[in-house]
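Okay, so here's the structure we're looking at.
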Amino acid sequence: MKRMLMMALCGTLALFLFGCGGSPSSGSDGSSSDAPQQEEQKKPLDLTGEWKQVNSKSEDSYQEATIQGNVIEINWVSDGGDTKSLYWSGTYEAPTEATENYTWDSVNDTSKTAKALLASGDETKTFTYENGVLSYEASALGTTTTVKMERQ
């Protein structure tokens with residue numbers, strides 16, 4: 001009798017465990033949850049790389065920039081690329097969130113620019129990235145212009 005009671009109890013327990021609901025990988029709506037569906041996380045804007053001025057009035061005289069690590073360096077380029085002179089060496093603060101537009105204030109590294117004849121004497125320079133264009137103001141010989149660059 002005990003044996004029959006024990007078998008009946010085990011059978012009832014088995015029905016209870018396996019008869020309630022679907023498989024462990026099914027959600028309450030019956031959909032599979034084996035592969036979690038997460039929203040694709042957007043990465044922070046990455047401006048590192050090579051940039052070239054696109055609004056120069058000369059094909060063989062323009063500015064180019066390199067952003068690497070936490071530094072942005074800009075050179076005046078002439079003679080079709082044969083001559084380069086340092087214009088700016090400063091800090092680069094990379095975005096920490098996904099964004100389409102970005103602005104940062106770069107601090108001049110005067111240990112590099114102090115002896116460069118064509119370098120900016122500004123303590124800081126504001127850089128803006130918008131619609132694929134990196135821009136900033138550059139001054140030379142009393143004239144200020146907005147330089148616009150695109151990634152190369």
Side-chain angles (χ1 to χ4, degrees), residues 13-152:
L13 185 58
L15 284 173
F16 178 74
L17 289 175
F18 297 108
C20 295
S23 68
S25 65
S26 294
S28 61
D29 62 354
S31 64
S32 175
S33 62
D34 287 341
Q37 296 178 1
Q38 299 176 353
E39 280 188 40
E40 186 177 323
Q41 292 184 348
K42 293 183 179 180
K43 295 180 182 179
L45 180 64
D46 182 9
L47 300 178
T48 58
E50 304 292 322
W51 297 79
K52 183 178 177 183
Q53 183 177 4
V54 293
N55 65 333
S56 174
K57 294 180 180 169
S58 171
E59 287 187 28
D60 65 342
S61 181
Y62 52 89
Q63 286 195 341
E64 67 179 10
T66 300
I67 299 176
Q68 184 175 0
N70 61 353
V71 175
I72 179 170
E73 286 198 354
I74 301 171
N75 288 302
W76 291 103
V77 179
S78 57
D79 299 326
D82 291 339
T83 304
K84 294 182 180 183
S85 302
L86 183 64
Y87 171 73
W88 184 262
S89 181
T91 58
Y92 167 64
E93 299 170 21
T96 57
E97 298 178 2
T99 183
E100 293 182 22
N101 302 320
Y102 184 65
T103 299
W104 82 95
D105 291 325
S106 178
V107 178
N108 191 350
D109 181 351
T110 55
S111 69
K112 293 183 179 180
T113 60
K115 294 181 182 178
L117 185 61
L118 298 177
S120 171
D122 296 338
E123 291 181 22
T124 62
K125 186 169 289 296
T126 300
F127 290 87
T128 301
Y129 174 82
E130 186 173 2
N131 297 323
V133 176
L134 181 65
S135 63
Y136 55 93
E137 289 188 347
S139 298
L141 305 172
T143 301
T144 300
T145 188
T146 299
V147 175
K148 297 178 180 179
M149 295 185 160
E150 291 181 355
R151 191 185 312 258
Q152 297 300 294

About how many Å separate [atom2] of [Y] and [atom1] of [X], when rounded to the nearest 0.5 Å?
X: Thr103; Y: Glu130; atom1: OG1; atom2: CD; value: 8.0 Å
X: Gln63; Y: Lys148; atom1: CD; atom2: NZ; value: 14.5 Å
X: Tyr129; Y: Leu47; atom1: OH; atom2: CG; value: 6.5 Å
X: Thr83; Y: Asp60; atom1: OG1; atom2: CG; value: 10.0 Å
X: Ile72; Y: Lys125; atom1: CD1; atom2: NZ; value: 10.0 Å
X: Leu117; Y: Leu86; atom1: CG; atom2: CG; value: 11.0 Å

Quick check: closest heavy atoms across [X] and [Y], and the distance to 0.1 Å?
X: Thr48; Y: Arg151; answer: O-NH1, 2.5 Å
X: Trp104; Y: Ile67; answer: CH2-CD1, 4.3 Å
X: Tyr87; Y: Ser139; answer: OH-N, 3.6 Å
X: Leu45; Y: Tyr102; answer: CD2-CB, 4.0 Å
X: Pro44; Y: Pro95; answer: CB-O, 3.5 Å

Without swapping roles, check the side chain of [X] against the backbone of [Y] for a donor-acceptor pair under 3.5 Å.
X: Asn55; Y: Thr146; answer: yes
X: Thr145; Y: Val147; answer: no
X: Thr144; Y: Ala138; answer: no
X: Glu123; Y: Gly121; answer: no
X: Trp51; Y: Leu134; answer: no
X: Ser85; Y: Trp76; answer: no
X: Asn75; Y: Val77; answer: no
X: Thr113; Y: Ser89; answer: no

Legend entry - Distance-only side-chain donor-acceptor flag, Asn108 / Thr110, under 3.5 Å: no
Should we say atom CD of Gln152 is surrounded by more than 12 heavy atoms from elsewhere, each under 6.0 Å from it? yes
Residues 67-82 vs salt bridge (Lys or Arg N to Asp or Glu O under 4.0 Å), sequence neighbours excluded, gives Glu73-Lys112
Original post:
Under a 4.5 Å cut-off applied to non-hydrogen side-chain atoms, are Met149 and Tyr136 in contact?
Top reply: yes
